[in-house]
Amino acid sequence: MKKDQMPSGRRAVLRLAAALGATATVGVFAADRLAAPDRATGAAPAPRSTPGSGAGNGAGPGAAGPAAGSQAGVARLNPNAYRLQPMTAYAPPAYRRALPPVRQRPFLSVSGAGRSMVLTFDDGPDPRYTPGILDTLRRYECRAMFFVCGEMAVENQDLLRRMADEGHVVGNHSWSHPLIPKLRPSLIRDELGSTSEVVERALGTAPLWYRAPYGAWNRHSFEIGAELGMEPLAWTVDTLDWKEPGTDSIVRRVLDGAAPGVVVLNHDAGGDRSQSVAALRRYLPELLDAGYHITVPRR
């Protein structure tokens with residue numbers, strides 16, 4: 001036997017040791033691979049599936065066994081056991097509309113292309129008058145703004161939904177139509193916040209615009225409105241329909257005040273608004289014939 005040849009017995013021992021070492025190494029990597037996700041999440045290791053249990057693979061009691069050549073002794077993992085868990089701390093925040101700035105005065109008009117005007121209706125919704133106004137707007141395919149009072153909105157949420165479904169803007173006009181400057185801040189917050197909640201429950205989104213009753217604003221109302229995500233909108237032309245001056249008078253005020261960017265104040269509740277309903281039927285087609293585009297502001 002040559003010097004560089006190893007006795008056959010010794011060669012056999014070394015081959016056996018090498019095989020055992022390789023097996024141990026594979027076992028270490030396999031164990032680390034299976035256990036790592038459990039260590040990261042603090043969960044207990046996934047249990048082994050039992051034949052016919054269907055755990056982790058959707059198999060039923062009659063499912064076929066492992067395919068030929070597969071390692072039947074390897075534990076099957078629940079799919080969630082080997083997937084990285086989401087790291088919510090690093091996830092982007094949910095989208096949230098930026099709060100508007102705190103204004104010192106409300107908007108009195110709107111900017112828009114060409115001869116655009118905005119029609120607004122306050123104090124509703126009222127089932128006696130609001131449907132007639134909505135019918136006329138739909139007939140002429142026009143959109144408007146409805147500044148609703150919470151105490152009316154909560155009882156007529158079907159009309160709120162119709163407003164939104166037909167493309168109109170639903171704004172906040174407080175809960176009970178109080179004189180805002182006479183209220184302490186906590187009550188202003190209740191008046192505006194409660195109305196926004198009713199609108200959000202009915203429509204899925206809170207109002208983006210608000211109008212102070214009687215057009216009486218103060219610093220607190222601007223601040224609280226902005227905190228609730230709303231911009232303040234007043235008006236350019238007051239139809240004085242709340243005085244019930246007659247249909248002809250309402251029509252004349254709208255047509256005389258018509259101009260690009262004008263915001264017209266009407267009412268669909270708070271009294272007998274049959275004159276307001278009738279006036280809209282007359283002045284709306286005349287505005288359209290004069291080339292005005294009846295629109296709503298965008299945010």
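Values reported hereafter were calculated over all heavy atoms of this structure, with side chains retained and with hydrogens, waters and symmetry mates removed.
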Donor-acceptor contacts, no H, no angles, side chain residues 243-262, under 3.5 Å, sequence neighbours left out:
unit_1, atom_1, unit_2, atom_2, d
Glu244, OE2, Asp272, N, 3.4
Asp248, OD1, Arg282, NH1, 2.6
Asp248, OD1, Arg282, NH2, 3.2

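For Asp123 (side chain) and Gly270 (main-chain N/O), no donor-acceptor pair under 3.5 Å exists by modelled atom type. Using modelled atom types, no side-chain atom of Ser276 and backbone atom of Asp241 make a donor-acceptor pair closer than 3.5 Å.
For an aromatic pair to be called close, the ring centres must be under 6.0 Å apart, and His177 with Tyr214 satisfies this. In this structure, the ring of Phe147 has its center no less than 6.0 angstrom from the ring center of Trp209.
For CZ of Arg299, the number of neighbouring non-hydrogen atoms (other residues, nucleotides, ligands) closer than 6.0 Å is greater than 12.
Shortest non-hydrogen contact noted between Pro185 and Ile224 is O-CD1, 3.4 Å. Scanning all heavy atoms of the two residues, the minimum distance from Leu228 to Gly193 falls at CD1-N, 3.8 Å. The minimum heavy-atom distance linking Leu284 with Cys142 is given by the pair CD1-SG, 4.0 Å. In this structure, Asn156 and Pro125 approach most closely via the heavy-atom pair ND2-O, 3.3 Å. Nearest heavy atom pair, residue Leu160 against residue Ala202, reads CD1-CB, 4.0 Å. Contact record, Val154 with Glu151: CG1-O, 3.7 Å, taken as the closest heavy-atom pair.
Here the OG-CZ distance, from Ser111 to Arg298, works out to 11.5 Å after rounding to the nearest 0.5 Å. Distance check: Thr295 OG1 to Leu119 CG gives 10.0 Å after rounding to the nearest 0.5 Å. Distance CG/Leu208 to OG/Ser196: 9.5 Å, rounded to 0.5 Å. Rounded to the nearest 0.5 Å, atoms OG1 (Thr195) and CH2 (Trp175) are 6.0 Å apart.
Annotation: side chain of Phe222 is in contact with side chain of Tyr210 (closest heavy-atom distance under 4.5 Å). Looking at Pro100 and Glu227, their side chains never come closer than 4.5 Å, going by heavy atoms from C-beta outward. Inter-residue side-chain proximity for Trp217 and Pro106 is flagged as met; some heavy-atom pair is nearer than 4.5 Å. Side-chain atoms of Pro213 and Leu179, non-hydrogen and from C-beta on, never get closer than 4.5 Å to each other. No side-chain heavy atom of Tyr292 sits under 4.5 Å from any side-chain heavy atom of Ser116. Residues Trp242 and Asn266 form no side-chain contact, since every pair of their non-hydrogen atoms from C-beta on lies 4.5 Å or further apart.
Both Leu192 and Leu187 are members of a single hydrophobic cluster when ILVMFWY side chains are connected at heavy-atom separations under 4.5 Å. Residue Met230 is grouped with residue Leu183 when hydrophobic side chains (ILVMFWY) are merged at heavy-atom distances under 4.5 angstrom, including chains of intermediate members. Met145 and Met117 fall into different hydrophobic clusters, where Ile, Leu, Val, Met, Phe, Trp and Tyr side chains are chained together by heavy-atom contacts under 4.5 Å. Placement of Leu288 and Tyr283 within a single hydrophobic cluster is found when ILVMFWY residues are connected by side-chain heavy-atom separations under 4.5 Å, directly or transitively. Both Leu287 and Ile133 sit in one connected hydrophobic cluster of ILVMFWY residues. Membership requires side-chain heavy atoms under 4.5 Å apart, directly or through other members.
No hydrogens or angles considered: a donor-acceptor pair under 3.5 Å links the side chains of Thr120 and Arg211. Under the 3.5 Å distance criterion, with hydrogens and angles disregarded, a donor-acceptor pair is assigned to the side chains of Glu191 and Ser176.
For the side chain to side chain contact (heavy atoms under 4.5 Å, CB included) criterion with Val118, the lone passing option out of Val264, Leu265, Val263 is Val263.
Salt bridge status for Arg273 with Asp126: absent, with no side-chain N to carboxylate O gap under 4.0 Å.
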Start with the C-alpha gap between Arg115 and His293, add the side-chain angles, then the distance that decides, and say whether side-chain contact (heavy atoms from CB on, under 4.5 Å) holds. CA-CA 6 Å; Arg115 294 161 66 85; His293 175 56; 6.0 Å; no
Stepwise side-chain contact (heavy atoms from CB on, under 4.5 Å) test for Asp268 and Leu134: CA-CA 10 Å; Asp268 62 332; Leu134 290 171; over 6 Å; no
Walk me through it: do His168 and Leu137 pass the test side-chain contact (heavy atoms from CB on, under 4.5 Å)? CA-CA 9 Å; His168 305 296; Leu137 293 169; 3.6 Å; yes
When you look at Asn218 and Ile188, which way does the side-chain contact (heavy atoms from CB on, under 4.5 Å) test go after all the steps? CA-CA 10 Å; Asn218 66 357; Ile188 297 175; 4.1 Å; yes
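Pairs passing the salt bridge (charged side-chain N to carboxylate O under 4.0 Å, His left out) check and including a residue from residues 161-170, sequence neighbours excluded, read Asp135-Arg162, Arg138-Glu166, Arg162-Glu166.
Using the six-membered ring where Trp is involved, Phe146 and Phe121 have ring planes that are parallel, under 30° apart on the 30 and 60° scheme.
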